[in-house]
Amino acid sequence: MRYNPYIRACPAMEFNPLLENIKNVYRTISSAAIRSGRNPFDVKLIAATKTVDVARIREAIEFGLRAFGENRVQEAKEKILHIRAHMPEYEVEWHMIGHLQRNKAKIAVRMFDLIHSLDSVELARDLDRHASAFGKTQRVLVEVKLSEEATKYGVPERALIPLLREISSLEHLRLEGLMTMPPFFEDPQMARPFFRKLRELRDAAEATGFRLPELSMGMTNDFEVAILEGSTMVRIGTGIFGERGR
Ligand SMILES: *Cc1c(COP(=O)(O)O)cnc(C)c1O
């Protein structure tokens, strides 16, 4: 089995609610992956850390987490610089999971390993230009809007293929897959058709020649069904860190 940096054995220690949450999330990921006939190591856990302070992020790193998702560029930048300065020995990945404004594209390229929320040709061109200037290849996912009420953001289904085509033509972007955020439902089974839809869109796009191995879908309330529908990246905040203060 190949080494997976996202899932690591947790050190044995006394009861700690954060550690218990992390273990429970891993257990659910593993059982859902196995039930869907996949290897648990193929589902990556992205800890969503908006409003979570750096002390708790540091603790989560100590407990084995290596990938964090942030929603706002400025908040992320402060945390990333802090973690880089104070825990340089850990290889931590940072993911942009929130909406990205074009005027933040430059910092985003400097800060994030993977941007989940690419949703327009204009943003793609900006990211490509900044990545070129910075000397990097920016990994990206395309966020797809599957319902009117779900989110304000994401590319509508009919504009997906043209956007994928544009991204593929840009030398400094590496397209790795799709992301979506269904509306919130109390009953996670209600979110399932949205996850299935994203997988079908991915399969259709792959049939026309794109390679889109990653499906970023599933949050605390619905990641189990998202994995059953083929998710390879779950973005979990509340399930790890508890309810966010508003
Ligand atoms: C906050 C957030 C998450 C995590 O949500 P939880 O319900 O707390 O797990 C996942 N994805 C995105 C884009 C988010 O903004």
Side-chain angles (χ1 to χ4, degrees), residues 6-7 17-29 32 43-54 56-57 59-60 63 65-77 79-80 93-101 104 108 111-120 123 139-147 149-155 176-192 194-195 197-198 214-246:
Y6 298 90
I7 299 183
L18 178 59
L19 179 56
E20 291 308 308
N21 287 346
I22 293 170
K23 289 198 282 193
N24 284 330
V25 167
Y26 280 145
R27 269 195 276 273
T28 308
I29 290 175
V43 181
K44 298 175 238 3
L45 171 58
I46 316 298
T49 42
K50 57 173 175 270
T51 78
V52 175
D53 62 34
V54 284
R56 306 200 72 215
I57 296 176
E59 210 181 350
F63 289 147
L65 297 193
R66 289 294 179 275
F68 297 92
E70 284 282 339
N71 288 64
R72 291 179 54 250
V73 171
Q74 192 54 40
E75 179 182 341
K77 183 180 169 183
K79 293 175 181 176
I80 294 169
E93 265 189 28
W94 295 93
H95 295 227
M96 176 58 181
I97 62 177
H99 176 65
L100 181 58
Q101 289 172 307
K104 298 281 164 52
M111 291 293 143
F112 293 106
D113 297 288
L114 179 64
I115 293 170
H116 292 227
S117 47
L118 177 47
D119 65 355
S120 74
L123 180 59
R139 299 164 51 205
V140 297
L141 307 179
V142 167
E143 178 171 359
V144 185
K145 178 179 168 128
L146 294 177
S147 75
E149 72 275 25
T151 43
K152 293 198 286 275
Y153 307 113
V155 61
E176 299 193 343
L178 306 179
M179 182 271 230
T180 201
M181 233 171 108
F184 177 83
F185 299 105
E186 285 295 333
D187 175 6
Q189 289 298 338
M190 301 280 290
R192 196 159 175 161
F194 294 89
F195 299 138
K197 179 75 189 177
L198 193 73
E214 305 289 356
L215 288 178
S216 168
M217 52 190 202
M219 307 174 23
T220 297
N221 194 51
D222 54 20
F223 70 97
E224 195 168 2
V225 290
I227 292 169
L228 295 175
E229 290 297 341
S231 172
T232 65
M233 288 185 179
V234 291
R235 312 176 308 267
I236 300 181
T238 315
I240 294 175
F241 299 103
E243 293 288 339
R244 287 178 288 275
R246 295 281 150 197

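Counting starts at 1 for both ligands and their atoms, following the listed order. Predicted, not measured: the structure shown is a model, and the values here were computed from it.
Between His116 and His95, the angle of the ring planes lies from 30° to 60°, which puts this pair in the tilted group.
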Hey, mind stepping through Lys50 and Glu75 against salt bridge (Lys or Arg N to Asp or Glu O under 4.0 Å) and telling me if it holds? CA-CA 8 Å; Lys50 57 173 175 270; Glu75 179 182 341; over 6 Å; no

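With contacts defined as side-chain heavy-atom distances shorter than 4.5 Å, the pair Met181/Arg235 qualifies. Within the 4.5 Å cutoff, the side chain of Arg72 has no heavy atoms near those of the Glu70 side chain. Residues Asn21 and Phe241 form no side-chain contact, since every pair of their non-hydrogen atoms from C-beta on lies 4.5 Å or further apart.
Between the side chains of Thr232 and Glu214, at least one donor-acceptor pair of N or O atoms lies under 3.5 Å.
Ligand 1 lies under 4.0 Å from heavy atoms of Ala48, Lys50, Asn71, Ile97, Met181, Met219, Thr220, Arg235, Ile236, Gly237, Thr238, Arg244.
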